[in-house]
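Chain A is the first sequence line, chain B the second, and so forth, proteins listed ahead of strands; every chain is numbered from 1. Since we're looking at a predicted model, the values are computed, not measured.
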Amino acid sequence: MDIVYTIWLRNVKRYLRSKSRLVGSLGMPLFLLLVLGFGLNSVVVLPGMDQGYIGFIMPGIISMSVLFTSVFAGIQIIWDKQFGFLKETLVAPVSRLEIMLGQTVGGATTAVIQGLIILVLSLFLGLELSNASGFIIAVLFMLLIGLSFTAFGIAIASRMEDMHGFQLIMNFVIFPIFGLSGALFPIDGLPEWIRSLTLLDPLTYGVEGIRYGLLGSSQIDPSISFMILSGFTMIMVVVGSYLFRNISI
Amino acid sequence: MYAITVKDLVKKFGDFTAVDNLSFNIKRGEVFGLLGPNGAGKTTTISMLSTMLKPTSGKASVNGFDIRTNQDEVRKSIGIVFQDQSLDEELTAYENMDFHGRLYRIPKSIRQKKIMELMKLVELDDKKDNLVKIYSGGMRRRLEIARGLLHEPEVLFLDEPTLGLDPQTRNHLWDYIEALNKEKGITIILTTHYMDEADKLCHRIGIVDRGKIIAMDTAENLKNDIGGDVITIVSSEREELYSAIRSLSEIKSVEIHDSSITIGLQNAEKHVAQIVNTASEKAITIESLFIHKPTLEDVFLHFTGRTIREEEASAKDKMRMMRKVRRR
């Protein structure tokens, strides 16, 4: 456990120290929130949504922020590989599972912090937190998204030689995961074939879970969302540790 | 008892044999140098001994623990300074040390004391809270050595410890390494392609070429093998020169190389006139001539027939070829 803590500590320290990254990664979500939220607020009318369209996408944008931060945190071990620091960890008398878990928990922590910042900013844009339990549910779902997608990033990074493939992963894997997740649109009104794609996307359950926590209603039952997302997290951690165990430098 | 034993160690990458049936033993408290050109297999050997790379075949043990079956114990016994930097630049020097100490599960009270002690040893204690990214190359190297010592290893691996450092810093580092070995009795195995470095630091030297150890002895004995001083003569008529001077009684060895002849003999200054006279009698042109005390460079040339520089060029070609193959 102390090893997992050590690696967690390094990740969090690095995150808090790089202010430019912290601020820079707020740009995109904030931009989407303002442009889409205010731009479409008057034209899009969602039945049963008191907060309007901007209220509807707030949980989606929070999920996006958590998603991107965590994938990036996982893929970061490629930097460690290139700058040589990974050797220092791999040659120590610790198991690779401990290293991988430390990295996953560390990445998830930074992702949740990033999500919480967007959540706080949303409060200024009209989000109202009605009760504490809803907030806790939202954080729990953010944590699950963070854990699963950091592990996902580690799995990818274990197979990548350098950062050249990063754009490819971003454009063909991460953006589709975000786009299909129901972060920006309600899944109930979709044509059947897109709807089934949406339901295959693990992030959908994260978005729906956070939406339930923050707005009090969702299209998917939160306990189902919780079970599916937890299952996905476990699978990703297992796959990530397996691939990380065979990483070569 | 030996600190390191290596028996018939082999590492292949595809068709390319990087380490070819290597065998050697290192005594406790010894400073052992693996000397050879880039691409000779030194780093591959170190990687296998430090459990970072699995050997294709053969056996090796470090501090009595088998590198295949007892990886964790091997890892606890060794400290390592890699050829490429392995520090986290976004952390301070102290934090890098602290991270290492935690990874090796050193209890907090001991950890803090040891870190300060070692930072003082490498004279970085006043800069311990600076981020590593503002450190110079020499400071980083010193920090890495301090870090490698934090968990009190029995064996310290130094892979090209002074590569890319200025002469002053190199001398400074050599002093540290010598002091470490003398005061703490740590067994040190270092790789280098600097002759003078191996000459100064190592008790014994193994000369590695193309994955094999071609000679292993003290620096002194290796040099004696050549036979006293060395005269190098650059000439286009090497064959003629060779047959002309071969019969001179003072000369212990003569070797013909690509553009020069090297002659091993005692008291070279005394006999050089005789050699030059013999050459001019036979009307052989001498382009240039040097007399010097033998260096390990001469030793390398003696055992392989090539200078280290030539060998490095061909290793680069080999790597380029390997990369091409991989791309296909």
Response to the item:
On a heavy-atom basis, the closest approach of A:Arg10 and B:Leu91 is CG-CD1, 4.1 Å
Fill in: Atom pair CZ/CD of A:Phe83 and B:Glu90 - distance to nearest 0.5 Å
9.0 Å
Worksheet item: Should we count CZ of B:Arg28 as having more than 12 external heavy atoms under 6.0 Å?
Response: yes
Worksheet item: Counting heavy-atom pairs under 4.5 Å to chain B, which of A:Gly84, A:Ser95, A:Pro93 comes out on top?
Response: A:Pro93
Worksheet item: Taking C-beta and beyond as the side chain, do A:Glu88 and B:Glu144 meet within less than 4.5 Å on heavy atoms?
Response: no
Item to complete: Could you please state which residues from residues 93-123 of chain B sit under 4.5 angstrom from chain A, measuring non-hydrogen atom to non-hydrogen atom, sorted by number, or 'none'?
Response: B:Glu95, B:Asn96, B:Phe99, B:His100, B:Arg102, B:Leu103, B:Tyr104, B:Arg105
Worksheet item: Any chance CG of B:Asp15 has more than 12 other-residue heavy atoms, nucleotides or ligands included, within less than 6.0 Å?
Response: no
Worksheet item: Quick one: are B:Leu131 and A:Arg17 in side-chain contact, heavy atoms under 4.5 Å?
Response: yes
Worksheet item: Is atom OH of B:Tyr2 surrounded by more than 12 heavy atoms (other residues, nucleotides or ligands) closer than 6.0 Å?
Response: no
Item to complete: Name the region of A:Thr89, side chain, backbone, both or neither, that has any atom closer than 4.5 Å to a heavy atom of chain B.
Response: both
Worksheet entry | Point-to-point distance, once rounded to the nearest 0.5 Å, from OG of B:Ser50 to NZ of A:Lys87 | 9.0 Å
Worksheet item: By a 4.5 Å heavy-atom criterion (distance strictly below it), what part of A:Ile7 contacts chain B: side chain, backbone, both, or neither?
Response: both
Worksheet, complete the sentence: Here the gap from B:Glu89 atom CD to A:Arg14 atom CZ, rounded to the nearest 0.5 Å, amounts to 9.0 Å
